[in-house]
Participant: 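One structure, pasted below without further comment.
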Amino acid sequence: MRHFSGTLNGLGWDGYVVERPEDLEPFRDWIRRQAESRTPVAVDTETCGLKIYAWGPGFLRLAQFGNETEAWALPIEHGAVYAEAAVWALRILPDITGHNWAGFDALVCDEHLGVPLEETCAKATDTKILAKLIDPRAEMEGGIGQSLKPLSAHYIDASAPDTQDGLKSVFKDLKLKIAEGFAKIPLSHPTYLEYGLLDVILTSRLRPRLERTLAKLGVPQRLSVYEHRVARICAQMVRAGMVLDEEYTTGLQADLSYDADQFAEIALRYGVESVNSGRQVSAALLDMGESLTEKTASGAWKVDKAVLMAIADLDRDWKAIGSRPPNALADAVLRSKRAGKWRSAYADNFLENVDARGRIHPNIQSMQARTFRMSVTQPAVQTLPSSDKMIRRALLADEGHVMISTDFQAVELRVLAALADVKRMKLAIANGEDLHSFTARLVFGEGFTDKDRKVSKGIAFGKVYGGGATTVARQTGAPIDAVQRAMAKYDQVYPEVGRAAKDWRIEAFNNRMVAVSITGHRLPLDRDRTYAVTNYLVQSTARDCLGQALIHMDERGLVPFLRLPIHDEVLASAPKEDAKDIARAISECMTFDLLGVPIAADAEIGKRSWGSLYGADF
DNA sequence: CGTCTCACG
DNA sequence: ACGTACGTGAGACGG
């Protein structure tokens, strides 16, 4: 047995590292005492990296357990006897604490120790969730973030060591890259062990402090319960993952590489060696006699997709417009960049993350954004191209299943109508009208055109985002004066929107620049962008509609069918013969009342691939 | 490592 | 005083 000790904020701590099977006896005694006194015990795992499913056996290296003053580490890597002890401890402890528990460690223990995440999540308190509820901002955004280090420094001891950074410098000394370090550092390394022990001590001490802060701020306990439940449902979706059509993806990878190379070769004829270099592309275009007009923030010529599409005489569907002779370089750059990006960001990423059973497990962060919207990484399947079915075609429902996609109907607008109590909008929703056509009729009159509807839609989003006429005009392509007139009319027609925005800014100002949503989420505003309050409240409440719907689905036993949350949409995989019933049940779970406004959803049943919902045959 | 670009809602 | 488009993840370039 190895012993470590130290002092934090004047309070000492002791850490013990189990080295031999006989060391497990005092470990078990300690766990038993914690269980009997119902003391919360923090649990943490050290692993070979972040790929819980794609790594394979041997991923879990160390498991740590600790209260505020004493910690224990088990060398899982050194034999089944240690893994068995960890499993026993996870099962017997009545109250555990984890930092990002549902987001990581619960999945690790589920996959690599065989302890179901449902079992541990039911008794876990997640300090990352608590911290997020206090202040959702990242460090970059002026908050303290939700990493253990800054939270420890703020709530426990300003001199608490940065265990993550400390480890990284150890990796550097051992001449290991960061990605390799976690897998290759010897389990006996003193810094590795000390920081592993310290993490559970810090997490243990953090929990009561965060809980006290939440109580002081008046954050409702039910909000924390709700977020822990949403996080667990998301973890279940991560564990399920999705089937990857590996054969198709390998072919796709080759096709996209070929396309990227072919078009890069054309670009090279014009002197562009790297199609991703804006500098080279703009220089070559100017050389050809093209005139560029837009500059980037740093003063370089802007050569983004919109600029190049115009020069290449292409419309949104990549079809020739016929308004000018197409520039062959712009065309080649666009096509090479697109193929290259789709290959690396999507096809490569799919294949890098596939597990032994042919599934990918996109990681869902259930409260990532400062508005608590969810995000998905590895791979970022929330952002797959929707204009072309080829990428989504690679992801499949389970064997014998079909894909079901269920979308909320215009959820952000309905949330705005509900939160701001917009009378005419609420009436239109109740009457089942198309909201953008309804607005177009009010703003432009009975004979409104498709173009008018588009402007109305642009204004609707512009209002929610806090945009002005200039931006709406740019986005919709409508003339600025028409947009200005339409926006003025919009304010007359829906006076409650502007009034609510003003009230919300005042409320936030009186609450130390924090807006509070109806569910109790705290939404800090940036001092120079307080207009964003409308967007924050609407986006956050729409996100809570998704969270509420997921809880309804949990109550009805539908979670095993769920695959992904996509902001206003839920993707599911269901047996072909049950698809209709499950699709109906999911829609019902996404149908409820929000402050007198109906929230509703439409389900679409596809074939086996996700791409089938975008026109693919399979 | 900051900036730019591009994919999504 | 006035007006401000919101939120993400990922890859490439270039200093």
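FYI, side chains are in, hydrogens and waters are out, and symmetry mates aren't considered; it's all heavy atoms of this structure. For clarity, every value in this text was computed on a predicted model and none was experimentally measured. The sequence lines fix the lettering, A, B, ..., with proteins before strands; numbering per chain opens at 1.
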Participant: Is it true that A/R543 and A/E227 have a side-chain N and a carboxylate O under 4.0 angstrom from each other?
Facilitator: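 Salt bridge: yes.
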Participant: Mind checking whether A/M242 and A/L571 have side chains closer than 4.5 Å, heavy atoms only?
Facilitator: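 The answer is yes; the side chains approach within 4.5 Å.
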Participant: A quick test of your reading: do over 12 heavy atoms of other residues, nucleotides or ligands sit less than 6.0 Å from NZ of A/K337?
Facilitator: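 Yes, the 6.0 Å shell around NZ holds more than 12 heavy atoms from other groups.
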Participant: Hey, can you pull the residues of residues 254-283 of chain A with a non-hydrogen atom under 4.0 angstrom from DNA chain C?
Facilitator: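 Contacts with DNA chain C under 4.0 Å: A/S274, A/N276, A/S277, A/R279.
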Participant: Reading nucleotides 4-9 of chain B from the 5' end, what letters show protein touch, with B for base, S for backbone sugar-phosphate only, - for no heavy atom under 4.0 Å?
Facilitator: SSBBSB
Participant: Under the ring pair (Phe, Tyr, Trp, His ring centres under 6.0 Å) rule, what pairs show up with a residue in residues 496-551 of chain A, not counting sequence neighbours?
Facilitator: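 Listed by first then second residue: A/F372-A/H521.
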Participant: For DNA chain B, which residues in residues 471-490 of chain A have a heavy atom at a distance below 4.0 Å?
Facilitator: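 When residues 471-490 of chain A is checked for heavy atoms under 4.0 Å from DNA chain B, there are no hits whatsoever.
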Participant: Give, ordered by number, those residues of residues 517-536 of chain A having at least one heavy-atom distance below 4.0 Å to an atom of DNA chain B; if nothing qualifies, reply none.
Facilitator: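 None, since no heavy atom is under 4.0 Å.
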Participant: Under a 3.5 Å cutoff, is there a donor and acceptor pairing between the side chains of A/Y465 and A/T471?
Facilitator: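 The answer is no; no qualifying pair exists.
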Participant: Taking both distances under 3.5 Å as the test for a Watson-Crick or G-U pair, what stems of at least three pairs does DNA chain C have?
Facilitator: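 Correct response: B:1-9 with C:6-14.
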Participant: Which is the 5'-most and which the 3'-most nucleotide of DNA chain C that has an atom under 4.0 Å from a heavy atom of chain A?
Facilitator: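 So the contact region on DNA chain C extends C/dT4 to C/dG15.
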Participant: Do the side chains of A/R499 and A/D503 get close enough for a salt bridge, i.e. N-O under 4.0 angstrom?
Facilitator: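 Here A/R499 does not pair with A/D503 in a salt bridge, since their nearest N and O are not under 4.0 Å apart.
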Participant: Counting neighbours of NZ on A/K177 that are heavy atoms of other residues, nucleotides or ligands and sit closer than 6.0 Å, is the number greater than 12?
Facilitator: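 Not buried by this count: 12 neighbours or fewer within 6.0 Å.
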Participant: Could you work out, with salt bridge (charged side-chain N to carboxylate O under 4.0 Å, His left out) as the rule, every residue matching A/D135, not counting sequence neighbours?
Facilitator: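 A/D135 satisfies salt bridge (charged side-chain N to carboxylate O under 4.0 Å, His left out) with A/R137 only.
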Participant: Is it true that A/R453 and A/D434 make a salt bridge, defined as a side-chain N closer than 4.0 Å to a carboxylate O?
Facilitator: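 Yes.
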Participant: Which is true for A/V376 with a 4.0 Å heavy-atom rule: it touches a base, it touches only sugar-phosphate, or it touches nothing?
Facilitator: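 The answer is sugar-phosphate, as A/V376 gets under 4.0 Å only of primed atoms, P, OP1 or OP2.
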Participant: Mark yes or no for whether A/H99, through its side chain, and A/Q146, through its backbone, hold a donor-acceptor pair below 3.5 Å.
Facilitator: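 Yes: the side chain of A/H99 pairs with the backbone of A/Q146.
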Participant: Could you work out the separation of C/dA5 and B/dG9 based on their C1' atoms and round it to a whole Å?
Facilitator: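 It works out to 14 Å between them.
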Participant: Using modelled atom types and a 3.5 Å cut-off, is there a donor and acceptor pairing between side-chain atoms of A/S336 and backbone atoms of A/A332?
Facilitator: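 Between the backbone of A/A332 and the side chain of A/S336 there is no qualifying donor-acceptor contact (under 3.5 Å).
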Participant: Pairs of donor and acceptor atoms involving the side chains of residues 477-486 of chain A, under 3.5 Å and at least two apart or interchain, shall be tabulated with distances.
Facilitator:
none

Participant: Validate the cation-pi geometry between A/R338 and A/W318: distance from NZ or CZ to the six-membered ring centre under 6.0 Å, angle to the ring axis within 45°.
Facilitator: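 Judged by the rule (NZ or CZ under 6.0 Å from the ring centre, within 45° of its axis), A/R338 counts as positioned above A/W318.
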Participant: Once side-chain hydrogen bond (donor to acceptor under 3.5 Å, both in side chains) is applied, what residue pairs with a partner in residues 256-280 of chain A remain, sequence neighbours excluded?
Facilitator: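 For residues 256-280 of chain A, and leaving out neighbouring residues, the side-chain hydrogen bond (donor to acceptor under 3.5 Å, both in side chains) pairs sorted by first residue read A/S257-A/R343.
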Participant: What about A/H552 and A/F592, are their ring centers closer than 6.0 Å?
Facilitator: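 Yes, they do, as the ring centres are separated by less than 6.0 Å.
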Participant: For A/S344 and A/E141, take the nucleotide of DNA chain C holding the closest heavy atom to each; which residue's nucleotide lies nearer the 5' end?
Facilitator: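 It is A/E141, whose closest nucleotide lies nearer the 5' terminus.
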Participant: Please name all residues satisfying side chain to side chain contact (heavy atoms under 4.5 Å, CB included) with A/I144, sequence neighbours left out, ordered by chain then number.
Facilitator: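 Expected list: A/L151, A/H154, A/Y155.
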Participant: According to the side-chain hydrogen bond (donor to acceptor under 3.5 Å, both in side chains) rule, which pairs have a member within residues 386-396 of chain A, sequence neighbours left out?
Facilitator: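 Residue pairs with at least one partner in residues 386-396 of chain A: A/D245-A/R393, A/R392-A/Y614.
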Participant: Less than 4.0 Å between a side-chain N and a carboxylate O, is that true for A/K168 and A/D162?
Facilitator: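 Salt bridge flag = no for A/K168 with A/D162.
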